[in-house]
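Below is one structure, written out as structure tokens, with a few remarks after it.
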Amino acid sequence: MPRITLPDGSVKEFDHAVSARDVAESIGARLAQAAVGAKVDGELCDLSTVLDHDCALSIVTEKTREGQADPDALYLLRHSTAHVMAEAIQRIVPAAQLVYGPPLENGFYYDIAFPEDRPLKEGDFEAIEAEMAKIVREDRPFTRYELSADEGMAKLREEGSKYKIDNAERALQAAEGEARLSWYATGQPGKDWEDLCRGPHVPSTGRIGAFKVMSLASSYWHGDEHSDRLTRVYGTAFFSKKDLEAYLHQLEEARKRDHRVLGKQLRLFHIDESVGQGLILWTPAGSVVRKELQRFIAAELEKQGYTEVFTPHIGKLDLYRTSGHFPYYQDSQFPPIIEREQMELLKAEGCSCAELSNRMTSGELDGFMLKPMNCPHHVKIFASQQHSYRDLPVRLAEFGTVYRWEQSGELNGMTRVRGFTQDDAHLFCMPEQIGPELQGCLSLVKIIFKTLGMSEYRVRVGLRDPDSDKYIGDPANWDKAEQACRDAARSLGVDFSEEPGEAAFYGPKIDFVVKDVIGREWQLGTVQVDYNLPERFDLSYIGPDNRPHRPVMIHRAPFGSMERFCGVLIEHFAGAFPLWLAPEQIRVLPISEKSLDYARQIREMLAAAGLRVTIDESNERVQAKIKHGSAMKVPYLLVVGPRDAENGTVSVRAFGIEKDLGAMPADQFARAAAEEYQSRGKSTVKSLF
RNA sequence: GCCGCUGUAGCUCAGCGGUAGAGCGCACCCUUGGUAAGGGUGAGGUCGCGGGUUCAAGUCCCGCCAGCGGCUCCA
């Protein structure tokens, strides 16, 4: 006799087992109509789920009480649409083998193995969507049935899909107690299409209001690149066509603030095929942004007692043998550079590329490597003299440019590149100094995010994966370092997640991760503890006991890389930089040629105040000049005409405020703008209006 | 690296076997205009690169390069 507790606390009692749908109907016909699923004791399940014991039940409908789209409802919907898509695809390509089709935050995908002679192409989407529309129109119920483990496995073996057999084995392994396997037929079991599936689903295909097959990708079975290659078909679904359209529109809008689009439009950077993939050419405008950021952080470093160093872009292979970068990370580095004389000798010898590679790997042959990290150079600076414990911490900072061979498919605008400049520094300290030093590093990152108004970030403490052998160094030191990172993160006062497997190969780290407009995550600032390099390079300082001790290193880059950070920053501001970062801070718009002389006076005055200012000398009307100035997202546009010339004023327009703010004495504007610039936006010209 | 899509003027894109196009931008001329596009004229292209099919190839086929979306990777 189930007693069912509803979300409002009321209890319904039945004298027989009932389905969630029955309960919904007992509450009201409209609720039953709107229901797409249920939550029993917090677990999402089918509306047809039978309740034979006391439980807490809530009915899942398209929208929450507040009228928002219900994430649980969308989850059900998308999972169900994945089935409908899979059925449609199998109608078109009967030999396609299904693998795995889960819902996602914004849609769903289905991994499918297609026969070699019939790969899926985007050209198939129309036909797939047409078939899906038919299935939806038929409004067939999602019908669940279960088999015992033995029966189920027998059925799957008979059908012969290794993927489904694997799925079932995994499901049985994960299950506790007596495990059963479940199928969902889209219609009647035995008659209609079905799929091994844990569920749950919406009641019937007719609930799928709007859907779209989005894109194709290749994926790997179990995410393992040595395993089968599958085709991943992405799609999305909503309850209404309107919601789908709103989502597609949102994607388009995001595209407009994509740093690659804005970078071109605002001429911030350029990537040139003939220079090479993943290599950023900073144009004059983008260089201003970068330089301002560097100036900003350099001032903070000075406050924190850093000293600046400069090191070259290459180093001897042997250096990287000692550091552990070569040959272990050979695949992700540019190939070594070999000396000319040796090259000639090897040529005369008839040495093959393979031999050359072997000799370099073995250490028989030396050469140079483009540096993948700055630390070995900095370590050598530290080691170049003796240090007393009184000197520590030594903090060596450099905007160091490094090169890494990223896979071509990984490259992405400014956010994933092959050459980038880290705002790098290495801190050499005594073990007991780690805590405060880590906190100093974290405070830098906090200052950056606060000054730039970036609040949407998450903090990740990257720990080693106990099952992996890629980490080097003493486990006891790892434990200490991991604990130091946890403690520092905790002192930060924000939420953080601990993620095994996210550590660097030489030590654990604290990362600051942000999302781009597409929703992809990028690691920006990072702070890493390292017991390993001091060991490898046999670093020491003389302690109070007059004996040598091993220092600990901290690697840290609060921006991460200037490239990635600027890429993310462009998107954060949608290209509309605050005054202090804006490449062009002020544009003077003379009303006609007659006011050109006055415009030039204004420019001189502002330039003398240290501001970046231009004049629009084009033969256009002000309307057009405003349009163009706004398109380039210039923070302040100053309209000047005869009236202003007479009164010594400028007429101010601020970006984002679509109106004339009014006239202001030119010298007052210059002072206020300079103040806005110097204070990095703490006071603004706008506030004077 | 893998799968799919894309590559035509500085930018955004149309053209998809038969004489290379549009809008913006650029140059010049007219206009001298007070708050989101005044008017005209003109310059500008090995249609990503290399092969092939064809009487004829941006257009069809093959290979490469690059970009995009994912997967894998990410010191």
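- Between A/Q265 and B/C11 there is no side-chain polar atom (N or O) within less than 4.0 angstrom of OP1 or OP2.
- Ring centroid separation for the pair A/F537 and A/F382 does not come in under the 6.0 Å cut-off.
- In terms of phosphate contacts, A/Q623 brings no side-chain nitrogen or oxygen within less than 4.0 Å of OP1 or OP2 of B/A37.
- Distance from the side chain of A/V639 is smallest to B/G34 among B/G4, B/G38, B/G34.
- Within 4.0 Å (heavy atoms only), A/L589 reaches no atom of the nucleic acid at all.
- Comparing atom distances between the A/E658 side chain and each of B/C2, B/A36, B/G34 picks out B/A36 as nearest.
- When both distances must be under 3.5 Å, the Watson-Crick or G-U wobble mate of B/G21 is B/C13.
- A donor N or O paired with an acceptor N or O is not found under 3.5 Å between the base of B/C71 and the side-chain atoms of A/S219.
- If you check B/G33, B/G34, B/C73 against the side chain of A/Q407, the one that comes closest is B/C73.
- Atom name C1', nucleotides B/A14 and B/C24: the rounded distance is 15 Å, in whole Å.
- Using a 4.0 Å heavy-atom distance criterion, A/R520 is classed as a sugar-phosphate-only contact.
- Among the atoms of the strands shown, none is found under 4.0 Å from any heavy atom of A/K659.
- You'll find the side chain of A/L688 reaches within 4.5 Å of the side chain of A/Q668, heavy atoms only.
- Within 4.0 Å of A/R621, counting heavy atoms only, lies at least one base atom of the nucleic acid.
- One P atom belongs to B/G17, the other to B/G39, and the distance between them is 37 Å to the nearest Å.
- Look at B/G10: its glycosidic torsion is beyond 90° from 0, and that puts it in the anti range.
- With hydrogens and angles ignored, a donor-acceptor pair under 3.5 angstrom links the side chain of A/R416 to the base of B/C73.
- Residue A/L411 is classed as a sugar-phosphate contact, given heavy-atom separations below 4.0 Å to backbone atoms only.
- With both ends at atom C1', the span from B/C62 to B/U54 equals 16 Å, rounded to whole Å.
- Counting non-hydrogen atoms under 4.0 angstrom, A/Y329 reaches a base of the nucleic acid.
- Nearest to the side-chain atoms of A/A217 among the listed nucleotides B/U32, B/A36, B/G69 stands B/G69.
- Looking at heavy-atom distances under 4.0 Å, A/N412 makes contact with sugar-phosphate atoms alone, never a base.
- Nucleic acid contact class of A/L120 (heavy atoms, under 4.0 Å, all strands): sugar-phosphate only.
- Put simply, the side chain of A/R404 gets close to the backbone of A/P372: a donor and an acceptor are under 3.5 Å apart.
- Spacing between B/A9 and B/U53 at atom P, rounded to whole Å, works out to 28 Å.
- Pairing for B/U32 is absent, judged as Watson-Crick or G-U wobble with the two contacts each under 3.5 Å.
- Residue contacts shown for A/S595 are absent, as no nucleic acid heavy atom lies under 4.0 Å away.
- Straight-line distance from the CD atom of A/E617 to the C1' atom of B/G33: 17 Å, rounded to whole Å.
- At B/U35, none of the side-chain N or O atoms of A/K627 fall inside 4.0 Å of OP1 or OP2 (strictly under the cut-off).
- One donor-acceptor pair, N or O on each side, does fall under 3.5 Å between the base of B/G1 and the side chain of A/Y220.
- The shortest distance between the side-chain N/O atoms of A/R653 and the OP1/OP2 oxygens of B/G34 is not below 4.0 Å.
- As judged by a 4.0 angstrom heavy-atom cut-off over every strand, A/G662 is placed among residues making no nucleic acid contact.
- Under the 30°/60° scheme for interplanar angles, the aromatic rings of A/Y457 and A/F512 are found to be tilted.
- B/C64 sits 16 Å from B/G1 when the C1' atoms are compared, rounded to a whole Å.
- Judged by distance alone, the side chain of A/S561 and the main-chain N or O of A/Q422 form no donor-acceptor pair under 3.5 Å.
- Side-chain N/O atoms of A/H628 include one lying less than 4.0 angstrom from OP1 or OP2 on B/G25.
- Distance from the side chain of A/Q277 is smallest for B/A66 among the nucleotides B/U32, B/U35, B/A66.
- Among the heavy atoms of the strands lying under 4.0 Å from A/Y234 are primed sugar atoms or P, OP1, OP2 only; no base atom is included.
- Comparing atom distances between the A/E273 side chain and each of B/A66, B/G34, B/U31 picks out B/A66 as nearest.
- Not a single donor-acceptor pair under 3.5 Å links the side chain of A/T361 to the backbone N or O of A/P327.
- With a cut-off of 3.5 Å on both Watson-Crick or G-U wobble distances, the partner of B/A27 is given as B/U41.
- Of the candidates B/U32, B/G69, B/C11, B/U32 carries the atom nearest the A/E593 side chain, counting heavy atoms from C-beta on.
- The shortest distance between the side-chain N/O atoms of A/R260 and the OP1/OP2 oxygens of B/G69 is below 4.0 Å.
- Figure legend. B/C71 is base-paired to B/G1; pairs are counted as Watson-Crick or G-U wobble with both atom distances under 3.5 Å.
- Among the heavy atoms of the strands lying under 4.0 Å from A/G223 are primed sugar atoms or P, OP1, OP2 only; no base atom is included.
- Dense packing is recorded around CZ of A/F496, with more than 12 heavy atoms of other residues, nucleotides or ligands lying under 6.0 Å away.
- Nucleotide B/A66 has B/U6 as its partner under the Watson-Crick or G-U criteria, with both atom distances under 3.5 Å.
- Distance from the side chain of A/A624 is smallest for B/G38 among the nucleotides B/G69, B/A36, B/G38.
- On the C1' atoms, B/U8 is 15 Å away from B/G67, given to the nearest whole Å.
- Of the two residues near RNA chain B, A/A631 and A/Q523, the one whose nearest nucleotide lies more 5' is A/A631.
- If you look at A/Y329 and A/F505, their ring centroids are closer than 6.0 Å.
- Counting distance only, with no hydrogens placed and no angle test, the side-chain atoms of A/D660 and the base atoms of B/G34 include no donor-acceptor pair under 3.5 Å.
- With C1' as the reference atom, B/C47 and B/G38 are 34 Å apart, rounded to whole Å.
- One finds a salt bridge joining A/R458 and A/E521 here, because a Lys/Arg side-chain nitrogen approaches an Asp/Glu carboxylate oxygen to under 4.0 Å.
- Using a 4.0 Å heavy-atom cutoff across all strands shown, A/R643 reaches at least one base atom of the nucleic acid.
- Spacing between atom NE2 of A/H270 and atom C1' of B/G10 amounts to 11 Å, rounded to whole angstrom units.
- With both ends at atom C1', the span from B/A43 to B/U35 equals 33 Å, rounded to whole Å.
- OP1 or OP2 of B/G1 sits under 4.0 Å from a side-chain N or O of A/S408.
- In this structure, A/H555 reaches neither bases nor backbone, as no heavy-atom distance under 4.0 Å exists between it and the strands shown.
- At least one cation-pi condition fails for A/R78 and A/F108: the charged atom is not both under 6.0 angstrom from the six-membered ring centre and inside a 45 degree cone around its axis.
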